[in-house]
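Report on one structure; see the data block that follows.
First listed ligand is number 1; within each ligand, the first listed atom is number 1. All values below were derived from every heavy atom in this structure, side-chain atoms included, with hydrogens, water molecules and symmetry-related copies excluded.
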Amino acid sequence: MPKISIIGAGSVGSTTAFLTAIKNLADLVLVDIVEGLPQGIALDILEATAGLGVNLRIVGSNSYEETKNSDIIVVTAGVPRKPGMSREDLVEINTKIVADVAKRSSVKSPNAIFIVITNPLDSMCYVVKQVTGFGRKRIIGQAGILDTLRMKTFIAQKLNVDAGSIEAQVLGSHGDEMVPIISKTEISGKPVGDVLSKDVIGEIVERTKNGGAEIVNLLKTGSAYFAPASAVTLMTEAIFKNTKQVFPCSVYLEGEYGLKDLFIGVPVRLGNGGAEEIVELDLTLRERNALLESADVIRATQEVAKNFLARHSA
Ligand code: APR
């Protein structure tokens, strides 16, 4: 049985663990700094699966010993932005946490594939790369799948169709500058522009960009976790089952889409090897420019993370 270690047993981590378990995908290790939390979540999930015919090893721990030889490390550890905290403060705090997590877990699992969830996503992937030195196929950020699931949901609601009949891709950064690729969005093979008006498409794009905030506003405390966990599970399933499906994920570019030395959301083929191939879509000029703008925003945040690492690595 393959093995996944999830670092950070909060909302996204525990929901990812539960989904992984009920899909019988992999043995699971949950790690968190809060004493009792990963152990409690692991036990609860183990008990939940007892009646579901699932037979996995599911444990929780406050140390990394149990994570040894994991095939996939999912990083959700971090803190959310709190009132009075600047974006820059958040980048530095989460850089410190993710660097520590990446170092400890990569030592125990030198062949693992990292799936990063902690925000600001693209920069946190960069931190994992800097700290572990792993090749780019083995560091993948989850964001675009979540944004794409949201866009599919909104289109499906408008048209009263199954979300499974919709092809869509949301690329770029995981934030206000994300880039929904309308030119490649199809419903049962028909271009979205033939099925929905420009105004409605514009509304859907806006709602997708605000998808995370919409949930935060409704929940009042905390942020989304079911859809993020579902997105992670789509990735782990594609990797373990070697499906070669193409999903929008944050990966390190080395010239693709005219960009290099940053992580950004692009279509990626997932298989046993991780991010096996970056698929270069033929984008419209507008989409291409939007992707470049998105990259500028990521670079600014990445610089903060990079400087923080440089200051603290001596
Ligand atoms: N090592 C291990 N776990 C840690 C560490 C650390 N150094 N620092 C924090 N954690 C744990 C916290 O104790 C908490 O249980 O990470 C967990 C984060 O969980 P939540 O606060 O519930 O956050 P969640 O909603 O799961 O989101 C996690 O995903 O989508 C992103 O923006 C989101 O960055 C956030 C991440």
For ligand 1, which atoms, with element, lie under 4.0 Å from some heavy atom of [X]?
{"X": "Thr118", "result": "34 (O)"}
{"X": "Val34", "result": "13 (O)"}
{"X": "Leu37", "result": "15 (O)"}

If you measure from atom 10 (N) of ligand 1 to every heavy atom of Ile7, Ile6, Ile33, which option wins on shortest distance? Ile33
Atom 29 (O) of ligand 1: which of Ile117, Leu121, Ile97 has the nearest heavy atom? Ile117
Smallest separation among heavy atoms of Lys137 and Glu276, with atom names: CE-O, 3.9 Å
To check you understand the geometry: which heavy-atom pair defines the closest contact between Gly78 and Ile97, and what is its length? CA-CD1, 3.9 Å
Does the side chain of [X] come under 3.5 Å of the side chain of [Y] through a donor N or O and an acceptor N or O?
{"X": "Ser63", "Y": "Glu65", "answer": "no"}
{"X": "His174", "Y": "Asp147", "answer": "yes"}
{"X": "Ser173", "Y": "Ser294", "answer": "yes"}

Using a strict threshold of under 4.0 Å (side-chain N to carboxylate O), is an ion pair present between [Y] and [X]?
{"X": "Asp100", "Y": "Lys96", "value": "no"}
{"X": "Arg311", "Y": "Glu92", "value": "yes"}
{"X": "Lys184", "Y": "Glu167", "value": "no"}

Min N/O separation [X] to ligand 1 under 3.5 Å:
{"X": "Tyr64", "answer": "no"}
{"X": "Asn94", "answer": "no"}
{"X": "Thr76", "answer": "no"}

What protein heavy atom sits nearest [atom], and how far off is it?
{"atom": "atom 25 (O) of ligand 1", "answer": "Ser11 CB, 3.7 Å"}
{"atom": "atom 18 (C) of ligand 1", "answer": "Gly78 O, 3.7 Å"}
{"atom": "atom 17 (C) of ligand 1", "answer": "Asp32 OD2, 3.6 Å"}
{"atom": "atom 35 (C) of ligand 1", "answer": "Asn119 N, 4.2 Å"}
{"atom": "atom 19 (O) of ligand 1", "answer": "Gly10 CA, 3.3 Å"}

Atom 23 (O) of ligand 1 protein-contacted, heavy-atom criterion under 4.0 angstrom: no
Would you kindly check if the NZ (Lys) or CZ (Arg) of Arg207 is within the cone defined by 45 degrees around the ring axis of Phe154 and under 6.0 Å from the six-membered ring centre? yes
Taking the six-membered ring of Tyr252 as reference, does the NZ or CZ atom of Lys129 fall below 6.0 Å from its centre and within a 45° cone about the axis? yes
Mode of Val12 contact toward ligand 1 - side chain, backbone, both, neither (heavy atoms, under 4.0 Å): both
